[in-house]
Protein chains: 2
Amino acid sequence: MGKNQNIRIKDIARMAGVSVGTVDRVIHDRGNVSSESERKVKAILKKTNYSPNPIAQSLGAKKEYQISVMLPNPEQDEYWELSNKGVLQAQREWKSYNIDININNFDLERSESFSENIQKLLETKPHAVLTAPIFFDESITFFEKLDEVDIPYILVNTELNPQIKKYNPLCIIGQNHHQSGRVAAELIHISLHEPGQLAVMHIHENVENSIHLKEKEEGFRNYFAEFGNDDFEISTFSFLDEKRSFEEQIGECIAQQDLKGIFVPTSSGTYLTARALGKHHKQQTKLVGYDLLEENIHFLKAGTIDFLINQDPRHQALQGLRYLVNHLLLKIPPPTDDLLPLDIITRQNYTSFLNNHS
Amino acid sequence: MGKNQNIRIKDIARMAGVSVGTVDRVIHDRGNVSSESERKVKAILKKTNYSPNPIAQSLGAKKEYQISVMLPNPEQDEYWELSNKGVLQAQREWKSYNIDININNFDLERSESFSENIQKLLETKPHAVLTAPIFFDESITFFEKLDEVDIPYILVNTELNPQIKKYNPLCIIGQNHHQSGRVAAELIHISLHEPGQLAVMHIHENVENSIHLKEKEEGFRNYFAEFGNDDFEISTFSFLDEKRSFEEQIGECIAQQDLKGIFVPTSSGTYLTARALGKHHKQQTKLVGYDLLEENIHFLKAGTIDFLINQDPRHQALQGLRYLVNHLLLKIPPPTDDLLPLDIITRQNYTSFLNNHS
DNA sequence: CTGAAAGCGCTAACAG
DNA sequence: CTGTTAGCGCTTTCAG
């Protein structure tokens with residue numbers, strides 16, 4: 001048990017017969033130390049199992065840190081509004097620590113907007129970055145540049161995948177999408193009392209996002225495939241931005257098919273589907289979607305939505321920023337990835353998720 | 001946006017025309033300040049929206065804090081072992097902050113053990129206490145004494161109820177038990193495809209604990225009562241410590257009844273029931289219980305247990321200690337109570353809850 | 001290459 | 001009642 005609470009830099013300086021300045025130099029590899037001194041200091045360091053007092057460390061280093069957040073415009077999508085709430089909370093949380101979190105928003109509909117913003121962001125030379133790789137190709141350019149100038153970055157809403165492995169994010173925060181799809185399947189399976197048609201609805205999604213969505217769908221199908229029977233037949237429907245409103249398109253689809261269960265792998269798609277089910281009086285169709293958006297909660301309460309899987313974007317952002325701060329301020333390394341729990345939300349437990357948990 | 005990053009105590013001293021000492025005194029209500037000075041300082045404090053730099057604060061206050069934890073012996077029950085893990089994590093987390101968390105364990109089976117321990121604990125005069133009111137009557141004595149000597153305390157595994165309102169815990173951490181019972185009912189209801197007998201099993205519980213359990217049962221029954229039909233009839237069974245093992249008793253009960261669904265409101269009761277169901281080949285009976293104990297997970301995977309509701313004892317302890325530390329170190333007041341989310345655990349999502357989340 | 005010394009913002013002991 | 005001052009442990013000049 002390290003009683004090393006009490007060894008100070010001063011102590012090890014004395015033990016090594018040098019000054020605190022020298023000790024600090026070897027600790028931080030700042031050079032300008034004779035190999036002799038270095039050897040001695042390092043020996044004592046090892047022997048005493050010294051670990052610096054992070055509090056004093058960050059007080060002493062009166063440095064200001066800039067963290068840049070690059071996320072979609074919260075006004076375009078309630079999911080990102082929740083995410084933004086996490087950022088705002090982090091801003092408050094670290095206000096007095098000389099951490100400046102500045103927010104850059106890009107347009108969810110225009111990938112160019114993302115590219116434009118990374119230019120501006122990089123010019124400000126932040127000490128760390130939090131982002132979500134919505135537009136994957138553009139994000140890759142971003143990663144390359146960040147890696148190049150050695151700015152640490154953390155990704156939210158992401159899962160470790162082979163493409164990302166080529167780059168060096170400090171940490172990746174998200175959920176296991178495949179497993180998430182399996183949870184959705186399980187929930188439909190549990191609540192469905194008779195065989196029938198199922199559907200996966202892809203609504204309004206930039207193709208770039210499709211990595212997640214495909215994985216969710218795969219998990220969903222995979223779950224049912226394991227049973228090897230054909231009680232359930234699964235179709236996939238994709239609705240793209242057209243002249244006709246999504247609601248109209250979805251409504252038509254729902255009217256034509258006799259669906260027993262629907263899985264919508266996106267948060268905003270969820271309430272769009274619920275609306276359509278409502279309009280066509282098909283509320284009894286089992287519907288599983290994502291996230292505690294206002295309208296999703298409404299339809300959950302009403303019974304149109306049966307389950308929501310919570311991706312907790314607010315927590316993801318907050319957690320990402322905490323990792324970044326700990327990294328900058330206290331040199332505490334975050335995990336390489338953080339897979340959040342797959343919360344199942346129902347009519348009976350949703351309120352317990354609505355309190356602002358830290 | 002507060003550019004108050006940079007207002008130091010020194011600044012507000014200058015602005016108020018007093019010394020830093022005085023400012024510090026009014027900030028911490030240490031008295032010995034003329035009402036005139038106090039007024040001025042408070043005005044500036046308000047105007048500048050001053051908030052102290054917690055880092056400097058904890059460096060400056062070279063005070064050592066003692067926090068005493070009083071929880072059941074973790075070796076007696078895996079639930080409390082999880083709880084203990086939270087305590088250990090907190091110990092690590094605040095190691096370098098001069099916070100000394102010492103653990104007192106009492107015997108779950110002997111209420112006298114609790115009483116004995118509170119004596120010893122009080123003699124050490126800790127700065128704060130974390131406990132769980134397992135033995136309610138004995139706990140009340142404890143609360144009274146803590147209130148008397150003004151030691152702040154936080155309760156875990158508890159819900160705000162009229163009896164506790166007479167005392168002054170700093171915060172109460174737990175779940176809404178009534179709602180928890182309703183979640184259990186909902187889960188059974190969703191997964192049950194035909195009417196039938198249901199049961200609530202009370203296993204091996206000290207009567208003192210029964211407040212929670214009664215509330216869970218009430219929520220459970222209440223859910224079904226709202227439907228007003230009699231598709232489901234609910235019986236209550238209680239198993240007390242006797243010559244015969246619980247397993248035997250439960251087994252007998254299960255064999256005699258034709259139960260479609262069972263709700264067990266305790267974590268250890270859950271696997272005991274699952275064992276009995278296994279032995280009597282009644283795995284198809286829907287079983288809802290509590291918590292990610294090793295054996296519960298085993299039976300969940302095997303399909304004997306259908307759902308677990310996660311009470312996250314580890315998180316409760318950790319959170320309670322964080323509140324305490326923030327209270328002591330930074331004077332940040334915790335909420336008066338913190339109701340945690342009612343996590344639903346299934347075969348498909350349990351792994352996502354097993355990672356050690358902070 | 002090295003040591004001395006001045007802070008970082010706050011707390012607390014000590015004269016007055 | 002009030003101001004002054006010496007730290008907390010570490011970083012970072014700045015002479016030498």
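A note on names: the letters A, B, ... follow the listed sequences, proteins ahead of strands, and every chain is numbered from 1.
With no hydrogens or angles considered, no side-chain donor-acceptor pair links B:Asp11 and B:Tyr50 at under 3.5 Å. A donor-acceptor contact closer than 3.5 angstrom links the side chains of B:Tyr323 and B:Asp338. Residues B:Tyr153 and B:Asn168 bring no donor and acceptor atom of their side chains to less than 3.5 Å of each other.
The phosphate of C:dG9 (OP1 or OP2) has no side-chain N or O of B:Tyr50 nearer than 4.0 angstrom. Taking only side-chain nitrogens and oxygens, B:Gln57 comes nearer than 4.0 Å to OP1 or OP2 of C:dT11. OP1 or OP2 of C:dT2 has at least one side-chain nitrogen or oxygen of A:Ser34 nearer than 4.0 Å. Phosphate proximity of C:dA12 to B:Arg25: absent, as no side-chain N or O sits under 4.0 Å from OP1 or OP2. Contact annotation: A:Thr22 side-chain N/O to C:dG3 OP1/OP2 distance is under 4.0 Å. Taking only side-chain nitrogens and oxygens, A:Ser37 comes nearer than 4.0 Å to OP1 or OP2 of C:dT2.
Spacing between atom CZ of B:Arg39 and atom P of D:dT2 amounts to 12 Å, rounded to whole angstrom units. The distance between atom CD1 of B:Ile55 and atom C1' of D:dT11, rounded to the nearest whole Å, is 14 Å. Atom-to-atom, NZ of A:Lys10 to C1' of C:dA4 comes out at 13 Å; the value is rounded to the nearest Å. Note: CG (B:Asn32) to P (C:dC14) measures 15 Å, nearest angstrom. For the pair B:Asn53 CG and C:dG9 P, the computed distance is 7 Å after rounding to whole Å. Atom pair B:Asp29:CG and C:dT11:P shows a separation of 13 Å (rounding to whole Å applied). The CD1 atom of A:Ile9 sits 19 Å away from the P atom of D:dG7 (whole-angstrom rounding). Atoms CD1 (A:Ile27) and C1' (D:dC10) sit 9 Å apart, rounded to a whole Å.
When each of B:Leu59 and B:Val18 is assigned the nucleotide of DNA chain D with its nearest heavy atom, B:Val18 is the one assigned upstream, toward the 5' end.
Taking the side chain as every heavy atom from C-beta outward, A:Thr336 and A:Leu170 never approach each other to under 4.5 Å.
Out of D:dT4, C:dG3, D:dC10, the shortest distance to the side chain of A:Ser19 is found at C:dG3. Distances were taken from every side-chain heavy atom of B:Asp24 (C-beta onward) to each of D:dT2, C:dA5, C:dT11; the shortest belongs to C:dT11. The nucleotide whose nearest atom lies closest to any side-chain atom of B:Arg30 is, among C:dA12, C:dG3, C:dC10, C:dA12. With distances taken from any side-chain atom of A:His28 to the nucleotides C:dC10, D:dT11, C:dT2, the minimum falls on D:dT11.
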Practice task
Determine, stepwise, if the pair A:Arg39 / A:Glu36 fulfils salt bridge (charged side-chain N to carboxylate O under 4.0 Å, His left out).
Solution key: CA-CA 5 Å; A:Arg39 200 189 45 68; A:Glu36 174 59 7; 3.3 Å; yes

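The main-chain N or O of B:Leu45 is found under 3.5 Å from a side-chain atom of B:Thr48 such that the two form a donor-acceptor pair.
Counting non-hydrogen atoms of other residues, nucleotides and ligands closer than 6.0 Å to CD of B:Glu116 gives a total above 12. Within a 6.0 Å sphere centred on CD of B:Glu144, other residues, nucleotides and ligands contribute more than 12 heavy atoms.
The overall bend of the helix from C:dC1-D:dG16 to C:dG16-D:dC1, read as the angle between its terminal helix axes built from five base pairs each, is 50° when rounded to 10 degrees.
Heavy atoms of B:Val20 sit under 4.0 angstrom from at least one base atom.
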